[in-house]
Trainee: 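Below you will find the structure I want to go over with you.
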Amino acid sequence: MAGRILIELLLFSAPFIVFWLYRAASKDMSVNDRWPLAWLVGIGGVLAVAALVITPLLQPSEGGQCYLAPRYEDGVRTPGRLVDCSEITSPERGAAASASADRAARRGCWRTGMTTALQADWLADRSTRKVMDALEAERPGCARFVGGCVRNELLGEAVSDIDIATQLTPDTVSKVLKAAGCAVHPTGIEHGTLTVVADGRPFEVTTLRRDVETDGRRAVVAFTEDWAEDASRRDFTMNALYAAPTGDVYDPTGEGLRDLGDRRIVFVGDPETRLREDYLRILRFFRFHAWYGREAPDAAGLAACQAHAAGLANISAERIWMEVKKLLAAPSPLDAIVAMRDAAVAKYVFETDLNIDRLSRLLDVERTDGARPDALLRLTALTGPDPQAMRAIARMMKASNEERTRLTGPGEVSAPLSHAMDGNELRRIAYRSGKDAVLDRLKIARADDPAHDADWAKLVRGLAAWDRPQAPIRGADVIAAGVPEGPEVGPIVRQVEDEWLASDFKLSRKALLARIAELASER
């Protein structure tokens, strides 16, 4: 406030100072007649009023959104949150738990280089400290957490994997961590990445790097010690956030925290350059939007993805399948899938028409039931359940045998399903076709027929609670009844089993053996 008053006084006095300097330099003392006092006061007043309006705009803003870091009180974790900077009180800043967070809050922290300090269990975990202490002992300030663990902690979301970036070379990293009693595995040594296991917990430790050569699939890298250079080659600004062992957060791009606060997925630097480095980033753009985005995707990023969608042909099927599963496992992937379709990206991934409406209704059913996201069921709803189409997708994506069975199962349920069928009939179908396949088919039928939602929901609940029993008879029982081993055994087993199913699995083994004996005597 004192500074603003001083500026206004100086500006008000400026015309008088100019006048007296001019008169002192002029030999024409009559100039005083041409500089009436009223003009001087008027000009000074205008300058002072202008200062009153402009000065606040030139000072660090207390408006906008600020970030309060997660904190713990009595063992309860309060997630980090965005608030209007004008609403932050001194006690709240103190509760943000660090001097850096306090300074950041006062400045309008989303636009500063170091904005807040993380508070997280994993920061203080013994295994984490073991790794970071070993690196820092070799060179103080050489290691920072990076990427997902920083991003998720700032968002108050779960942290699973912990990645560490370091200025040390891989050889030095390996040496100091082995000396600290950690196991070191060169899982990505060509890119400077080592997997370090400390007290049973894995960490990925990667030397800072810059791209030397890229072809859209893989990169040749060179090591660097420049944090900004390392950040400039990362995919999205929210993934280019670093945190020191103390928890202080660094934003080398100057945009990561802002975009994180706005929930915008924005490429670091030029989007097309980032995509030419690795075309898989096209799918990562939509996957991250599904998980963390809000409102419409970033326009520049979306346009770049559309322009380079054909580059996905250069990416291995395994890598594409991994991204598709992660995208579909998001709490609500619908907007991202729609954006992929509209940007003509989906056709390079699925190679078939997408049933967006069915997926939308399935997501509504999941929310109603409180069901966990099911990526494979969502894919079946989106692209199936025709078994031929699902087999083609499974082959194209190089899905595992287990995943392939799950994807094709619903379409291979040959018996028709109806919302009006009784539980016994449904259990007979599930016994023959497999409980999981029939459950998936029921859920898809429910999404296709919202008019009978309650009926379909009842069938789903009933079948989910049912345990498929083991057949009480086998072929050996038929042979023991006197039927020679051969082609006559199977039909008898099948007939008796059908009668068991018709009884809703209630006929006893004794009754079934008696029926086998009866059929054997009739042959």
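Residue numbers run from 1 in the order of the sequence given. Everything numeric in this text was worked out from a predicted model, so none of it was measured.
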Trainee: Any salt bridge linking E412 with R391? Criterion: basic side-chain nitrogen under 4.0 Å from a carboxylate oxygen.
Mentor: yes

Trainee: Give the minimum heavy-atom separation between P252 and A228, together with the two atoms involved.
Mentor: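 Shortest heavy-atom contact: CB-CA, 4.0 Å.
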
Trainee: Testing L194, V197, V196 one by one against H185 for a side-chain contact (heavy atoms from CB on, under 4.5 Å), which residue passes?
Mentor: V197

Trainee: Given side chains that start at C-beta, do those of L463 and L459 come closer than 4.5 Å, heavy atoms only?
Mentor: no

Trainee: Do the side chains of M340 and R287 get nearer than 4.5 Å, heavy atoms only?
Mentor: no

Trainee: Could you give the distance from OG (S332) to CZ (R367), rounded to the nearest 0.5 Å?
Mentor: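 Going from the OG atom of S332 to the CZ atom of R367 covers 5.0 Å.
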
Trainee: Just wondering, do H308 and I282 contact through their side chains at under 4.5 Å, heavy atoms?
Mentor: yes

Trainee: Would you say the side chains of T237 and N239 form a donor-acceptor pair under 3.5 Å?
Mentor: no

Trainee: Apply ring pair (Phe, Tyr, Trp, His ring centres under 6.0 Å) to residues F236 and F288 and explain how you reach the verdict.
Mentor: CA-CA 9 Å; F236 308 117; F288 274 80; 5.4 Å; yes

Trainee: Kindly say whether R474 contributes a backbone atom to a donor-acceptor pair with the side chain of D477 at under 3.5 angstrom?
Mentor: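 Yes: the side chain of D477 pairs with the backbone of R474.
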
Trainee: Dump the intermediate steps for salt bridge (charged side-chain N to carboxylate O under 4.0 Å, His left out) on R319 and D278, then the final yes or no.
Mentor: CA-CA 12 Å; R319 295 180 73 199; D278 184 356; 3.2 Å; yes

Trainee: Salt bridge or not for E403 and K398, using N-O below 4.0 Å?
Mentor: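 Looking at E403 and K398, the cut-off is not met.
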
Trainee: Does atom CG of D449 have more than 12 heavy-atom neighbours from other groups under 6.0 Å away?
Mentor: yes

Trainee: Check the pair L257, M238 against side-chain contact (heavy atoms from CB on, under 4.5 Å), reporting the backbone distance first and the verdict last.
Mentor: CA-CA 7 Å; L257 285 166; M238 66 166 56; over 6 Å; no

Trainee: Go through the steps to decide whether W321 and M396 satisfy the test side-chain contact (heavy atoms from CB on, under 4.5 Å), and finish with yes or no.
Mentor: CA-CA 9 Å; W321 178 226; M396 179 181 65; over 6 Å; no

Trainee: If I compare all heavy atoms of A430 with all of V438, which pair ends up nearest, and what's the gap?
Mentor: CA-CG2, 3.7 Å

Trainee: Counting the benzene-type ring for Trp, do W291 and F286 have ring centres under 6.0 Å apart?
Mentor: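 For W291 and F286, the ring centres are not under 6.0 Å apart.
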
Trainee: Is there a donor-acceptor pair under 3.5 Å between the side chain of S174 and the backbone N or O of P170?
Mentor: no

Trainee: Between C305 and L275, is a side-chain contact (heavy atoms from CB on, under 4.5 Å) present by the stated rule, with each step listed?
Mentor: CA-CA 8 Å; C305 289; L275 294 182; 4.2 Å; yes

Trainee: Do side-chain atoms of R209 reach the backbone of H191 as a donor and acceptor pair under 3.5 angstrom?
Mentor: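 Yes.
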
Trainee: Before you tell me yes or no, could you show the steps for D270 and R274 under salt bridge (charged side-chain N to carboxylate O under 4.0 Å, His left out), namely the whole-Å CA-CA distance, both residues' side-chain angles and the distance that decides it to 0.1 Å?
Mentor: CA-CA 6 Å; D270 176 52; R274 297 287 80 78; over 6 Å; no

Trainee: On a heavy-atom basis, which atom in A198 and which in V131 lie closest, and how many Å separate them?
Mentor: CB-CG2, 3.7 Å

Trainee: Between the side chains of Y242 and D251, does any donor sit under 3.5 Å from an acceptor?
Mentor: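 Checked: Y242/D251 side chains show no N/O donor-acceptor pair below 3.5 Å.
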
Trainee: Is there a side-chain contact between L327 and H289 in this structure, where contact means two heavy atoms from C-beta onward sitting under 4.5 Å apart?
Mentor: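 Not touching, per the 4.5 Å side-chain cut-off.
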
Trainee: So how far is it from L302 CG to F285 CZ, rounded to the nearest 0.5 Å?
Mentor: 5.5 Å

Trainee: Please step through side-chain contact (heavy atoms from CB on, under 4.5 Å) for the pair Y279 and R284, ending with a clear verdict.
Mentor: CA-CA 9 Å; Y279 291 116; R284 286 174 60 83; over 6 Å; no

Trainee: Answer whether the closest heavy-atom distance between the side chains of D226 and L208 falls below 4.5 Å.
Mentor: no

Trainee: Atom CD1 of I162 and atom CH2 of W122: how far apart are they, to the nearest 0.5 Å?
Mentor: 5.5 Å

Trainee: Which atom pair, heavy atoms only, marks the closest approach of A389 to D386?
Mentor: N-OD2, 2.9 Å

Trainee: I'd like to know whether R144 forms a salt bridge (charged side-chain N to carboxylate O under 4.0 Å, His left out) with D230, so could you lay out the CA-CA distance, the side-chain angles of the two residues, the decisive distance to 0.1 Å, and finally the verdict.
Mentor: CA-CA 12 Å; R144 295 176 182 173; D230 183 77; over 6 Å; no

Trainee: So among R378, R361, R446, K443, which one has a salt bridge (Lys or Arg N to Asp or Glu O under 4.0 Å) with E366?
Mentor: R378

Trainee: Mind checking whether F505 and W466 have parallel, tilted or perpendicular rings, split at 30° and 60°?
Mentor: tilted

Trainee: A344 and A309: which non-hydrogen atoms are nearest, and at how many Å?
Mentor: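 For A344 versus A309, the nearest heavy atoms are O-CB, 4.0 Å.
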
Trainee: Would you please indicate yes or no on a ring centroid separation below 6.0 angstrom for W227 and Y250?
Mentor: no

Trainee: I would like to know whether K458 and D455 meet salt bridge (charged side-chain N to carboxylate O under 4.0 Å, His left out); could you show each step before the answer?
Mentor: CA-CA 5 Å; K458 182 178 179 181; D455 295 329; over 6 Å; no

Trainee: Tell me whether K506 is salt-bridged to D504, with the criterion being a basic N under 4.0 Å from an acidic carboxylate O.
Mentor: yes

Trainee: Is the number of heavy atoms from other residues, nucleotides or ligands under 6.0 Å of E318 CD greater than 12?
Mentor: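 It does: E318 CD has more than 12 such atoms within range.
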
Trainee: Hey, are the side chains of D259 and T253 touching, using non-hydrogen atoms and a 4.5 Å cut-off?
Mentor: no

Trainee: Whether the side chain of D125 engages the backbone of S127 through a donor-acceptor N/O pair (distance < 3.5 Å, no angle test) should be reported.
Mentor: yes

Trainee: Would you name the heavy atoms of A290 and A336 that are closest together and state the gap between them?
Mentor: CB-CB, 3.8 Å

Trainee: Could you check whether E499 pairs with R515 (Lys NZ or Arg NE/NH1/NH2 to Asp/Glu carboxylate O, under 4.0 Å)?
Mentor: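 Looking at E499 and R515, the cut-off is met.
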
Trainee: With rounding to the nearest 0.5 Å, note down the distance linking CD in E425 to CG in L417.
Mentor: 8.5 Å

Trainee: Would a distance-only check, ignoring hydrogens and angles, find a side-chain to backbone donor-acceptor pair under 3.5 Å from S360 to I356?
Mentor: no

Trainee: Check whether T193 reaches the backbone of I189 with its side chain - one donor and one acceptor, N or O, closer than 3.5 Å.
Mentor: no

Trainee: Check this for me: M322, atom CE, are more than 12 non-hydrogen atoms of other residues, nucleotides or ligands nearer than 6.0 Å?
Mentor: no

Trainee: If you define the side chain from C-beta out and look only at heavy atoms, does anything of R264 sit under 4.5 Å from R294?
Mentor: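 Side-chain contact under 4.5 Å: no.
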
Trainee: Measure the CG-OG distance between L512 and S503 for me, rounded to the nearest 0.5 Å.
Mentor: 7.0 Å

Trainee: Does NZ or CZ of R468 fall inside the cone over Y431's six-membered ring, less than 6.0 Å from its centre and within 45° of the axis?
Mentor: yes

Trainee: Is there a donor-acceptor pair closer than 3.5 Å between any side-chain N or O of T380 and the backbone N or O of G384?
Mentor: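 Between the backbone of G384 and the side chain of T380 there is no qualifying donor-acceptor contact (under 3.5 Å).
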
Trainee: Atom CZ of R263 and atom OH of Y292: how far apart are they, to the nearest 0.5 Å?
Mentor: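 Answer rounded to 0.5 Å: 8.5 Å.
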
Trainee: Is a salt bridge present between E272 and R276, judged by a nitrogen-to-oxygen distance below 4.0 Å?
Mentor: yes

Trainee: Could you check if a side-chain atom of L241 sits within less than 4.5 angstrom of a side-chain atom of V146, using non-hydrogen atoms only?
Mentor: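 L241 vs V146: side chains apart.
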
